[in-house]
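Just so it is clear, the model here is predicted, and its values are computed rather than measured.
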Amino acid sequence: MFHPMTSKKSPFTRYRSLLLTLVIAVATTAYGQDSPAAYNFLNLPSSTLAYGLGGINITAIEDDLNSIDQNPGLLGPEVEMQLGFNYMRYVGDSNFAGVKFGRRAGEHGAWAAGVQYFGYGTIKGADINGVLTGEFSPKDMVFNAMYAHDINDRWRGGANIKFIYSSYDAYSAMALATDLGVNYYDPESNLSFSAVVANLGGQVKRFNERYDRLPVDIRLGLSKSFGSLPITWSVTAWNLTKWHLPFYDNGDGAEDAKPEIKDSFGSNLMRHLIFAADFIPNEKFHVGIGYNYKTRTDMSTYKRNFLSGFSACAGINVRNFGIGVAFSQPHSGATTIMLNISTKLYEF
C-alpha cells in the first residue's frame with residue numbers, strides 16, 4: 001500500500017503555484033467546448049483498478065505503478081524501480097496494451113515513462129465508389145513522460161506529458177497533450193481528494209484540413225473509508241467542462257417505442273458522477289466494484305443488459321508480482337477484460 005509522506009513541509013509558494021496552474025487550466029478549458037472531441041481513446045484507463053471502479057478513478061491510493069495512469073498526482077517514490085504491463089481485450093477485434101516504468105527522484109519525487117498501443121483490428125478499405133482497395137489496421141499510440149513531487153506531508157502534485165500518434169490507412173496525425181493533477185491524502189482517516197485537468201493540448205499534424213479537438217476534461221474525486229470496515233468508498237466527478245449531457249432513452253425497449261431525450265437536472269448530475277467501493281482486507285488482496293451511470297445511459301439505445309454501467313476488479317500480490325484483472329460488459333454484445341501485471345525490479 002501507499003506510504004504517507006514524512007517530509008517537512010515545503011514552502012507554501014510551491015503549493016500555491018501548482019494550484020494556480022490548475023485554476024488557470026480549468027478556466028481556459030471552459031471555452032471552445034462546442035465542437036465534438038476526437039481522441040476519446042485517451043479516456044480509456046490502462047489500470048484494472050480504475051477500470052473496475054467505474055472507468056475513471058483519480059483518488060485510489062496504491063503503490064502499483066499501473067494505478068497512476070489517470071492522475072499524475074498519485075505518482076511517488078514508492079514506485080521505485082517498478083515495471084508495469086497492461087492488456088485489454090476491448091469491443092470487437094480491438095486490443096490495447098502498454099508498458100510503463102517508474103523510478104524515484106530523490107526523497108520526495110518520482111518520474112515514470114511509458115507507451116500505450118490501441119489497435120482496432122483489420123478493416124476493409126474502399127474508395128469513394130465502393131471499390132475495395134484492400135485491408136488496413138488503424139491504430140493509435142501514446143508515449144508519455146510523468147513527473148510528480150511532494151508539496152508537503154499531505155499534498156502531492158504532478159504532470160504527465162503525452163505525445164499521440166494516429167495512423168488510419170494512408171492518413172496520420174500527431175498531437176501533444178498534458179495532464180495536471182494534485183492529490184491530498186490523510187492516512188489517519190484514509191481520506192483522499194484529487195483534482196485533475198486531463199488532455200490539455202492539441203494537434204500538431206492533422207489528418208486533413210479539419211482540426212480535431214482533444215477531449216479536455218476537468219475531474220474531481222474523493223475516497224474515504226469509515227470505521228474499521230476495510231472498504232474505501234469513492235465518488236468521481238468528470239466531464240465538468242459542460243453541464244448538459246443529454247441522452248436518448250428507448251423506454252421499455254419495445255419495437256414501437258420512440259426514443260425520448262433526457263436532459264433533466266437529475267440525469268445530468270448523475271451522468272457526471274461515478275460511484276465505487278473497494279474492499280481491501282489486507283495489502284495482498286483487494287476486490288472492487290464501480291457504477292458509471294453515463295455508460296449505462298449511453299447504452300440505452302442499444303441492447304444493454306443488467307450489467308451495463310457496472311464494472312468489477314480484483315488484485316493480488318504474489319511474491320514480487322502484483323496481478324490485477326477487471327471486467328465490464330457495457331451491453332450484451334461487448335464483454336471487455338483488462339489485465340495488469342507489475343513487479344519491483346529491485347526485489348530480484
Rounded distance [0.5 Å steps], [atom1] in [X] versus [atom2] in [Y]:
X: Arg296; Y: Met270; atom1: CZ; atom2: CE; answer: 11.0 Å
X: Met146; Y: Leu65; atom1: CE; atom2: CG; answer: 8.0 Å
X: Arg219; Y: Asn239; atom1: CZ; atom2: CG; answer: 8.0 Å
X: Ile68; Y: Ile61; atom1: CD1; atom2: CD1; answer: 11.5 Å

Please give me the minimum heavy-atom distance between [X] and [Y], naming the atom from each residue.
X: Gly98; Y: Gln116; answer: CA-OE1, 3.4 Å
X: Ser223; Y: Ala60; answer: OG-N, 4.5 Å
X: Asn57; Y: Thr236; answer: CA-OG1, 4.0 Å
X: Ile231; Y: Ala277; answer: CG2-CB, 4.0 Å
X: Gly181; Y: Pro72; answer: N-CG, 3.8 Å
X: Arg271; Y: Pro246; answer: NH2-O, 3.8 Å

Keeping the roles fixed (side chain from [X], backbone from [Y]), state whether a donor-acceptor pair exists under 3.5 Å.
X: Lys224; Y: Ser189; answer: yes
X: Asp179; Y: Asn199; answer: yes
X: Asn95; Y: Arg89; answer: no
X: Ser311; Y: Tyr51; answer: yes
X: Ser192; Y: Thr59; answer: yes
X: Ser194; Y: Ile58; answer: yes
X: Asn183; Y: Gly73; answer: no
X: Thr178; Y: Asn160; answer: yes
X: Gln329; Y: Leu307; answer: no
X: Thr343; Y: Leu345; answer: no

Hydrophobic clustering (ILVMFWY, side-chain heavy atoms < 4.5 Å, transitive) - are [Y] and [X] grouped together?
X: Leu42; Y: Met338; result: yes
X: Val182; Y: Leu191; result: yes
X: Tyr165; Y: Val204; result: yes
X: Tyr171; Y: Phe136; result: no
X: Phe101; Y: Tyr147; result: yes

I want to check something: taking the side chain as every heavy atom from C-beta on, are [X] and [Y] in contact at a cut-off of under 4.5 Å?
X: Met174; Y: Ser166; value: no
X: Glu80; Y: Arg103; value: yes
X: His244; Y: Asn268; value: yes
X: Trp238; Y: Leu220; value: no
X: Phe279; Y: Pro230; value: yes
X: Asn292; Y: Ile56; value: no
X: Pro138; Y: Ile123; value: yes
X: Tyr117; Y: Tyr87; value: no

Evaluation steps, side-chain hydrogen bond (donor to acceptor under 3.5 Å, both in side chains), between Tyr39 and Asp140 | CA-CA 9 Å; Tyr39 295 94; Asp140 296 297; over 6 Å; no
Taking atom types as modelled, is there a side-chain donor on Asn66 or Ser46 under 3.5 Å from an acceptor on the other?
->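 Side chains of Asn66 and Ser46: no pair found under 3.5 Å.
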Test Glu78 against every option in Arg104, Arg156, Lys344 by the salt bridge (Lys or Arg N to Asp or Glu O under 4.0 Å) rule and name the one that passes.
->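 The salt bridge (Lys or Arg N to Asp or Glu O under 4.0 Å) with Glu78 is passed solely by Arg156 among Arg104, Arg156, Lys344.
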Arg210 and Asp212: CA distance, side-chain angles, deciding distance, salt bridge (charged side-chain N to carboxylate O under 4.0 Å, His left out) verdict | CA-CA 6 Å; Arg210 188 184 70 179; Asp212 292 319; 3.1 Å; yes
Ring pair (Phe, Tyr, Trp, His ring centres under 6.0 Å) partner of Tyr291, the single match among Phe310, Phe275, Trp233 =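 The ring pair (Phe, Tyr, Trp, His ring centres under 6.0 Å) with Tyr291 is passed solely by Phe310 among Phe310, Phe275, Trp233.
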Out of Tyr168, Phe96, Tyr90, which one pairs with Phe118 under the ring pair (Phe, Tyr, Trp, His ring centres under 6.0 Å) rule?
->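 When Tyr168, Phe96, Tyr90 are each tested with Phe118, the ring pair (Phe, Tyr, Trp, His ring centres under 6.0 Å) holds only for Phe96.
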Please walk me through it: do Asn190 and Thr232 pass side chain to side chain contact (heavy atoms under 4.5 Å, CB included)?
-> CA-CA 8 Å; Asn190 194 25; Thr232 300; 3.3 Å; yes
Walk me through it: do Trp155 and Tyr184 pass the test ring-ring contact (aromatic ring centres under 6.0 Å, His included)?
-> CA-CA 5 Å; Trp155 286 91; Tyr184 170 87; 5.4 Å; yes
Show your working on side chain to side chain contact (heavy atoms under 4.5 Å, CB included) between Leu49 and Glu62 and close with a plain yes or no.
-> CA-CA 9 Å; Leu49 182 61; Glu62 290 285 344; 3.7 Å; yes
How far apart are the C-alpha atoms of Ile323 and Asn317, what are their side-chain angles, what is the distance that settles it, and do they pass the side chain to side chain contact (heavy atoms under 4.5 Å, CB included) test?
-> CA-CA 6 Å; Ile323 301 173; Asn317 294 320; over 6 Å; no
Taking everything shown except Lys124 itself, do over 12 heavy atoms lie less than 6.0 Å from its NZ?
->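 No, NZ of Lys124 has 12 or fewer neighbouring heavy atoms, counting only those of other groups under 6.0 Å.
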For Tyr211, does the OH atom have more than 12 heavy-atom neighbours from other residues, nucleotides or ligands under 6.0 Å away?
->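 Yes, enclosed.
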Would you check, one step at a time, whether the test side chain to side chain contact (heavy atoms under 4.5 Å, CB included) holds for Leu200 with Leu180?
-> CA-CA 9 Å; Leu200 282 170; Leu180 302 174; 4.3 Å; yes
Determine the interplanar angle of the Trp243 and His272 rings, folded into 0 to 90°, and report it as parallel if under 30°, tilted if 30 to 60°, perpendicular if over 60°.
->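 Answer is parallel, since the angle falls under 30°.
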Can you say whether the rings of Tyr293 and Phe247 are parallel (under 30°), tilted (30 to 60°) or perpendicular (over 60°)?
->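 Aromatic pair Tyr293/Phe247 classed perpendicular.
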Any chance you could lay out the salt bridge (charged side-chain N to carboxylate O under 4.0 Å, His left out) test for Lys100 and Asp69, step after step, and finish with the verdict?
-> CA-CA 10 Å; Lys100 57 175 66 73; Asp69 71 326; 5.8 Å; no
